[in-house]
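Structure first, then comments.
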Amino acid sequence: MTGFLTLLYKELLRFWKVGFQTILAPVVSTLLYLLIFFHVLKAHVEVYQGVSYAVFLIPGLVMMAVMQNAFANASSSMIQSKISGNIVFVLLSPLTYREIFFAYILASVARGLLVGAGVYLVTELFFETPIYWPVWIWIFAILGSGLLGALGVIAGIWADKFDQLAAFQNFIIIPLTFLSGVFYSIHSLPPVWQFLSHLNPFFYMIDGFRYGFFGASDFSPYVSLCIVIACFTAVSLLAIRMLRSGYKLRH
């Protein structure tokens, strides 16, 4: 376990040493989303009975911050290690590929949860958000950040340069996040878009996470949980296989 803990400590220290950039900056940018959308739509949208639009937005924005920062942590660490060449020393260590993978994932989960907690605590200074089922909140936050961390590992391995990594994030991660119900309920969409939303795995993470706050959701939280677990398992197995094969890592 010494090697695993050392790698985990290195990954935690990597983002903690630049916390102003990796933790504080995402909190501020997420709060800007809240201020802008709340100001524009507060008089026009009411999703749940007795819940203001700002309060409805907060869980979605918290989860969005968790997922995006978990992805950013794993993907940036992986590609930086590839470009600098020090990924070779990690692969040559006596660590198993599962230990390497979970070190990256746990560090990503830690950063995602820290940013999400920061967003939530700051918003609580202005709005009071109810919490009905804390267990559901933690389950979806951990699984969601783990899933995005695994996607970050895959993206970091696949990308050869930062431009490709940015394309992966801009054309896959951000659109799936924005179309997952962060800013709206899918019941307000036309049937075709509701169907497409159900094909988006990010929707189930956002919806299940929001269920923990309001005790209400657009979809069954139990089904959402099963889908998120299945996605996390599939993506994790793919990431571990890429690490084991040395795809774009050993050559």
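These numbers come from the heavy atoms of this one structure, side chains and all, not from hydrogens, waters or symmetry mates.
Linking Ile, Leu, Val, Met, Phe, Trp and Tyr whenever their side-chain heavy atoms come within less than 4.5 Å leaves V119 and F20 in two separate clusters. Tracing side-chain contacts under 4.5 Å through hydrophobic residues (I, L, V, M, F, W, Y), one reaches Y247 starting from I100; they form part of the same cluster. Criterion: ILVMFWY side-chain heavy atoms under 4.5 Å apart, direct or through other members. Under it, Y33 and V28 are not part of a common hydrophobic cluster. Hydrophobic clustering of Ile, Leu, Val, Met, Phe, Trp and Tyr side chains at less than 4.5 Å, counting indirect connections, keeps F171 apart from L176. Side-chain heavy atoms closer than 4.5 Å link hydrophobic residues (I, L, V, M, F, W, Y) into clusters, and following such links, even through other members, never connects L8 to V18.
Side-chain rings of W138 and F209 stay apart, their centers remaining 6.0 Å or farther from each other. Aromatic ring centres of F214 and Y132: separated by at least 6.0 Å. The aromatic ring centroids of F178 and F183 lie less than 6.0 Å from each other.
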Distance-only donor-acceptor pairs under 3.5 Å for side chains of residues 160-170, two or more places apart:
from: D160; atom 1: OD2; to: K248; atom 2: NZ; distance (Å): 3.3
from: Q164; atom 1: OE1; to: D160; atom 2: N; distance (Å): 2.5
from: N170; atom 1: ND2; to: A166; atom 2: O; distance (Å): 3.1

Side-chain donor/acceptor pairs under 3.5 Å, residues 231-243, sequence neighbours excluded:
from: T233; atom 1: OG1; to: I229; atom 2: O; distance (Å): 2.8
from: S236; atom 1: OG; to: F232; atom 2: O; distance (Å): 2.7

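Atoms CG and OG, from L24 and S29 in turn, are 9.5 Å apart once rounded to the nearest 0.5 Å. Atom OG1 of T129 is separated from atom CG of L57 by 10.5 Å, given to the nearest 0.5 angstrom. Atoms CD1 and CD, from I131 and E124 in turn, are 7.0 Å apart once rounded to the nearest 0.5 Å. Rounded to the nearest 0.5 Å, atoms CG (L106) and OG (S145) are 9.5 Å apart. Atom CZ of residue R210 and atom CG of residue D218 lie 7.5 Å apart, to the nearest 0.5 angstrom. Atom CH2 of W193 is separated from atom OH of Y184 by 8.5 Å, given to the nearest 0.5 angstrom.
For W158, the CH2 atom counts as densely surrounded, since its 6.0 Å shell holds more than 12 non-hydrogen atoms of other residues, nucleotides or ligands. In this structure, F195 places its CZ atom where only 12 or fewer heavy-atom neighbours from other residues, nucleotides or ligands lie under 6.0 Å away.
For the pairing with Y222, the ring pair (Phe, Tyr, Trp, His ring centres under 6.0 Å) check across W136, F140, Y211 returns one residue only, W136.
Residues L199 and L196 are in side-chain contact: their nearest non-hydrogen atoms beyond the backbone lie under 4.5 Å apart. Under the 4.5 Å side-chain criterion, counting only non-hydrogen atoms from C-beta, L34 is in contact with F127. Between V153 and S75, every side-chain heavy-atom pair lies at or beyond the 4.5 Å cut-off. Annotation: side chain of N73 is in contact with side chain of R14 (closest heavy-atom distance under 4.5 Å). At a threshold of 4.5 Å between non-hydrogen side-chain atoms, the residues F203 and F219 count as touching. Proximity of I154 to I157: side-chain heavy atoms (C-beta onward) are nowhere separated by under 4.5 Å.
The shortest heavy-atom contact between I142 and V109 is O-CG2, 4.2 Å. Closest non-hydrogen pair, M63 versus G144, comes out as CE-CA, 3.8 Å. Smallest separation of non-hydrogen atoms from T22 and V115: O-CG2, 3.6 Å. Taking each heavy atom of A65 and T30 in turn, the nearest pair found is CB-OG1, 3.8 Å. Of all heavy-atom pairs spanning F15 and L114, the tightest one is CE1-CD1, 3.9 Å. A pairwise comparison of heavy atoms in M78 and I87 identifies SD-CD1, 4.0 Å as the closest pair.
Here the side chain of Y104 pairs no donor or acceptor atom with the backbone of G152 at under 3.5 angstrom. Using a distance-only test at 3.5 Å, with no hydrogens or angles considered, no donor-acceptor pair links the side chain of N69 to the main chain of R111. Distance alone, capped at 3.5 Å, places no donor-acceptor pair between the E11 side chain and the A103 backbone. With hydrogens and angles disregarded, no donor-acceptor distance shorter than 3.5 Å links the side chain of R244 to the backbone of T96. Looking only at distances, no side-chain donor or acceptor of S217 sits under 3.5 Å from a matching main-chain atom of G208. Of the possible polar contacts, none joining the E99 side chain to the F4 backbone as a donor-acceptor pair under 3.5 Å is found.
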| task | Under the side chain to side chain donor-acceptor pair (under 3.5 Å) rule, what do S81 and N86 come out as? Steps first, then yes or no, please. | result | CA-CA 5 Å; S81 295; N86 62 41; 3.2 Å; yes

| task | Please step through side chain to side chain contact (heavy atoms under 4.5 Å, CB included) for the pair M205 and S224, ending with a clear verdict. | result | CA-CA 7 Å; M205 290 184 277; S224 296; over 6 Å; no

